[in-house]
2 protein chains.
Amino acid sequence: MSDLARDPRQIGNLIRRMRKKRGLSQAQLGGKTGLRQETISLIETGHPAARLQTILSVLAALDLEFRIVPRSKAGAADIEEIF
Amino acid sequence: MSDLARDPRQIGNLIRRMRKKRGLSQAQLGGKTGLRQETISLIETGHPAARLQTILSVLAALDLEFRIVPRSKAGAADIEEIF
DNA sequence: CTGGAATATGCGCCATATCGCATAACTGTA
DNA sequence: TACAGTTATGCGATATGGCGCATATTCCAG
């Protein structure tokens, strides 16, 4: 599995795939999030230092959320300790 | 379960809990991440618009990563379509 | 209670995310 | 080809993240 945490660019790819799966244009997604089409474009093409807020609102608009999990091979018990 | 995606402040709480679990001070975590103690403090107290990069490096230093998952009730199949 | 570590807060500074607007480049379709 | 929709790029302006440094506040062992 790709390491999302080390390569922020992959977040852009993921967002793009999910946006298209939802049948939205960048402009439409921008409308739902209060961001510009240009900003969505930057994020999808791998904008390396976007703000957390921005990413969160985009994910929310796509009915996604993120979970923080142990990187090291996660026993189930270890996952539970986080949430 | 708390909705991490809607309340960025909880990310700070999570980071703080995990940092303490690792036995690190803010300054030590700052050392590992190239961030200042003050910056770690801001993030933990709920800095609403930190940069994604910053959060990622903190998570990496704590041996955490994040995964993006469907918000709506995640069937296993639905998770798979993402990664 | 006391002292030292840990954490929070304030200010000036620079880098940059996002904005707004314009426009170019690309994508498909007739 | 030509055209419409979509996406990428450029520029000036504004807001703010993170830095460095100083200091206040909180926490905890003794």
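Values below: all heavy atoms of this structure, side chains included; hydrogens, waters and symmetry mates excluded. A note on names: the letters A, B, ... follow the listed sequences, proteins ahead of strands, and every chain is numbered from 1.
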Once you round to the nearest 0.5 Å, how far does CG of Leu35(A) lie from CD of Gln53(A)? 10.0 Å
What pairs meet the side-chain hydrogen bond (donor to acceptor under 3.5 Å, both in side chains) rule with one or both residues in residues 29-42 of chain B, with sequence neighbours excluded? Gln26(B)-Gln37(B)
Which pair of heavy atoms, one from Ile43(A) and one from Ala50(A), lies closest together, and at what distance? CG1-CB, 4.4 Å
For the residue pair Asp63(A) and Pro70(B), establish whether any side-chain heavy-atom pair is separated by less than 4.5 Å. no
Return a single string for nucleotides 19-30 of chain D, one symbol per nucleotide in 5' to 3' order, where B is base contact, S is sugar-phosphate-only contact and - is none, cutoff 4.0 angstrom on heavy atoms. BBBB--------
Between P on dT9(D) and CD1 on Ile43(A), what's the gap in Å once rounded to a whole number? 15 Å
Separation of Ile55(A) atom CD1 from dG17(D) atom P, in whole Å? 15 Å
Over how many whole Å does the gap from Arg51(A) atom CZ to dA15(D) atom P extend? 11 Å
With sequence neighbours excluded, what pairs up with Leu62(B) under the side-chain contact (heavy atoms from CB on, under 4.5 Å) test? Ile15(B), Met18(B), Arg19(B), Arg22(B), Leu24(B), Leu29(B), Val58(B), Leu64(B)
N/O (side chain, Thr54(B)) to phosphate O (OP1/OP2, dG18(D)) under 4.0 Å: yes
The first and last nucleotides of DNA chain C lying within contact of chain A, meaning any atom under 4.0 Å from one of its heavy atoms, run from dA17(C) to dA22(C)
Any side-chain heavy-atom pair of Glu65(A) and Val69(B) under 4.5 Å: yes
Below 4.5 Å, heavy atoms only, C-beta onward: do Phe66(B) and Leu56(B) meet side chain to side chain? yes
Say whether Leu42(A) and Ile55(B) are linked into one hydrophobic cluster, either directly or through other cluster members, by side-chain heavy-atom distances under 4.5 angstrom. no
Those residues at least two apart in sequence (or on a different chain) that pass side-chain hydrogen bond (donor to acceptor under 3.5 Å, both in side chains) with Arg16(A) are Glu44(A)
Tell me the interatomic distance from Leu42(A), atom CG, to dT9(D), atom C1', rounded to whole angstroms. 9 Å
Find the bend of the helix from dC1(C)-dG30(D) to dA30(C)-dT1(D) as the angle between its two terminal axes (five pairs each), to the nearest 10°. 60°
Measure from the side-chain N and O atoms of Arg71(B) to the backbone N and O of Ala60(A), and report whether any donor-acceptor pair falls under 3.5 Å. yes
I need the Arg51(B) CZ to Arg51(A) CZ distance, nearest 0.5 Å. 8.0 Å
